[in-house]
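Comments concern the structure below.
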Amino acid sequence: MTGRTQRFRLTGRLQFADRLRRWYGEGPLQLLVLLDSFALAGYAGVRLLDGDWLLIAVWFVGAALVHDLLFVPAYALADRALRAAAGRGERGEWVNFVRVPAFLSGLLLLVWFPLITGQVERYESSTGLPAGVYPVRWLIVTAVLFAGAALCRVLQVRRTRRSARKARPEVVH
């Protein structure tokens, strides 16, 4: 293969990638991963709907409606209140250090709601744990999440102040 043929093939591949990026907005690898995720979700859906598909479909539509009509406005109000409390400027940098642990704690509450609220009669034989341990463990995990976020914020502030100190010129008297 001559150098000219090699350059033409390489140029052709680059042109295809550029055309794909202009048309799709991302590179070919991202498109491949997206298509794979759709295939996996389709497979899971077919396997899931193999049983009582009507009940699953009703549950899915109900969950989407409850999320969109109740939870999204609640998220938006909570976030707006958090941003209003933070104000503008440097004070607002801590908002994400509250959002992330609150989101993760809420997600854990949502997933483990029956166990945390004490509705574990049918789960006690499977887990071997009494009902009282779940709320305490959820609160401990929530406290650890917020403590970890606070530690990350302290480290970020310290790093920012240290770099600001290094950037200032020394005053010579």
Side-chain angles (χ1 to χ4, degrees), residues 20-21 23-160:
L20 180 68
R21 189 175 299 277
W23 175 75
Y24 175 63
E26 287 293 329
L29 180 63
Q30 199 271 348
L31 178 61
L32 182 66
V33 170
L34 182 68
L35 292 174
D36 286 345
S37 69
F38 281 146
L40 180 64
Y43 173 74
V46 167
R47 295 287 301 207
L48 181 67
L49 295 176
D50 192 26
D52 189 7
W53 65 271
L54 183 62
L55 183 62
I56 293 169
V58 167
W59 181 90
F60 187 76
V61 168
L65 286 174
V66 166
H67 177 267
D68 290 350
L69 297 177
L70 295 177
F71 290 152
V72 170
Y75 303 153
L77 285 174
D79 189 57
R80 182 168 288 171
L82 189 63
R83 284 188 286 138
R88 298 219 182 269
E90 273 187 42
R91 288 182 17 195
E93 292 179 1
W94 60 267
V95 170
N96 285 335
F97 293 94
V98 175
R99 279 181 186 155
V100 172
F103 169 75
L104 293 174
S105 177
L107 186 63
L108 287 172
L109 177 64
L110 182 66
V111 169
W112 302 106
F113 186 77
L115 297 174
I116 292 170
T117 57
Q119 304 168 4
V120 293
E121 295 84 29
R122 63 182 187 190
Y123 299 113
E124 273 190 49
S125 62
S126 300
T127 63
L129 295 172
V133 300
Y134 297 106
V136 173
R137 289 181 180 183
W138 174 71
L139 287 173
I140 290 170
V141 168
T142 299
V144 167
L145 287 170
F146 276 98
L151 177 66
C152 288
R153 176 65 178 148
V154 166
L155 293 174
Q156 180 190 39
V157 168
R158 185 178 293 171
R159 193 177 329 118
T160 303

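In this chain, residues are counted from 1 in sequence order. Just so it is clear, the values below take in all heavy atoms, side chains as well, and ignore hydrogens, waters and symmetry mates.
Listed here is the closest heavy atom pair of V136 and G132: CG2-O, 3.8 Å.
Note on ring orientation: taking the six-membered ring where Trp is involved, the planes of H67 and F71 are perpendicular (angle over 60°, cut-offs 30° and 60°).
Under a 3.5 Å cut-off, the side chain of T117 and the backbone N or O of F113 do form a donor-acceptor pair. In terms of modelled atom types and a separation under 3.5 Å, the side chain of W138 and the main chain of S105 share a donor-acceptor contact.
Put simply, OH on Y134 and CG on L109 are 15.0 Å apart, with the number rounded to the nearest 0.5 Å. For the atom pair CZ of R99 and CG of L82, the computed distance is 6.5 Å after rounding to the nearest 0.5 Å. Atom CZ of residue F103 and atom CG of residue L145 lie 11.5 Å apart, to the nearest 0.5 angstrom. Expressed to the nearest 0.5 Å, how far CZ of F60 lies from CG of L65 amounts to 10.5 Å. Interatomic distance, CZ of R153 versus CD of Q156, reported as 5.0 Å (0.5 Å rounding). Between atom CG of residue L107 and atom CH2 of residue W112 there is a gap of 11.0 Å, rounded to the nearest 0.5 Å.
At a threshold of 4.5 Å between non-hydrogen side-chain atoms, the residues D36 and L40 do not count as touching.
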